[in-house]
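Take a look at the structure set out below.
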Amino acid sequence: MNYWLMKSEPSAFSIDDLVRAKREPWSGVRNFQARNFIKEMRKGDQALFYHSSADRIGVAGAMSIGSDPYPDPTQFDPKSQYYDPKSRKEKPIWYLVDVCFEKKFNELIPLQEIKARKELAGMLVAQKGSRLSIQSVSKKHFEFIVDLPE
DNA sequence: GCCAACGTTGGC
DNA sequence: GCCAACGTTGGC
């Protein structure tokens with residue numbers, strides 16, 4: 001079992017959207033490093049839902065990975081903002097997983113708190129210039145965040 | 001294969 | 001809106 005952190009701008013897709021949808025294909029990852037993490041994901045892994053570029057930045061909840069990785073259909077759709085003309089159906093470039101809602105925190109855990117907590121020292125998301133939209137998280141850090149008293 | 005220019009991310 | 005960080009592109 002592996003643990004992840006997945007970023008989304010809540011104006012595009014938020015934890016509340018996932019509450020309603022229950023399950024959602026996490027489409028649109030177009031960065032090779034992030035794509036490589038997606039390919040390592042397996043059904044049953046756990047992930048933190050992170051809100052970036054918003055009024056309130058931080059971890060908004062938790063989800064589970066609901067599928068193994070499969071080709072992101074938006075890469076083949078010329079009408080999609082995620083369309084990639086270089087990709088071929090026989091050899092897709094971009095992958096995604098389905099995510100399933102698990103938990104919404106009563107209070108979002110702010111990035112500032114993640115930076116301040118010594119128990120969370122070393123988390124990539126708290127490092128300056130950490131733009132990677134899919135990150136690996138240690139079991140220890142994942143459980144600490146999910147169990148933070150609210 | 002180098003690296004400058006350019007574009008995007010994302011915190012502030 | 002600014003700007004640092006950094007990934008990507010393309011000329012050479």
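Quick note on labels: first sequence line is chain A, next is B, and so on, each numbered from 1. Everything numeric in this text was worked out from a predicted model, so none of it was measured.
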Qualifying residue for side-chain contact (heavy atoms from CB on, under 4.5 Å) with A/Gln135, from A/Met123, A/Met6, A/Lys7: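 For A/Gln135, the side-chain contact (heavy atoms from CB on, under 4.5 Å) check succeeds only for A/Lys7.
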Heavy-atom pair of closest approach, residues A/Ile134 and A/Phe37: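 Closest approach of A/Ile134 to A/Phe37, heavy atoms only: O-CD1, 3.2 Å.
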Residue pair A/Asp45 / A/Asn2: nearest heavy atoms and the distance that separates them: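 It is OD1-N, 3.0 Å.
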Contact boundaries on DNA chain B for chain A, cut-off under 4.0 Å to non-hydrogen atoms: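 From 5' to 3', the first and last contacting nucleotides are B/dG7 to B/dC12.
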Exam field: side chain A/Lys103 to backbone A/Val146, donor-acceptor pair closer than 3.5 Å: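 Flag set: sc A/Lys103 to bb A/Val146 pair under 3.5 Å.
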Geometric class of the A/Phe49/A/Trp26 ring pair [parallel <30°, tilted 30-60°, perpendicular >60°]: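 A/Trp26 vs A/Phe49 ring planes: perpendicular.
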A/Asp16 and A/Ser14: side chain donor to acceptor below 3.5 Å: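 The criterion, which ignores hydrogens and geometry beyond distance, is not satisfied for A/Ser14 and A/Asp16.
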Flag for A/Ser136-A/Glu40: side-chain donor and acceptor within less than 3.5 Å: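 No, because no side-chain N or O of A/Glu40 sits under 3.5 Å from a partner of the opposite role on A/Ser136.
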Touch class at under 4.0 angstrom, heavy-atom based, for A/Ser53 against every strand present: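 Base: the residue A/Ser53, judged by heavy atoms under 4.0 Å, touches a nucleobase.
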Please set out all donor-acceptor pairs under 3.5 angstrom arising from side-chain atoms of residues 94-101 of chain A, sequence neighbours excluded.
| unit_1 | atom_1 | unit_2 | atom_2 | d |
| --- | --- | --- | --- | --- |
| A/Trp94 | NE1 | A/Asp84 | OD2 | 2.8 |
| A/Asp98 | OD1 | A/Tyr70 | OH | 2.6 |
| A/Asp98 | OD2 | A/Arg23 | NE | 3.3 |
| A/Asp98 | OD2 | A/Arg23 | NH2 | 3.0 |

Five-pair end axes of the helix from B/dG1-C/dC12 to B/dC12-C/dG1 and the angle they enclose, rounded to 10°: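 The end axes of the helix from B/dG1-C/dC12 to B/dC12-C/dG1 are about 10° apart, to the nearest 10°.
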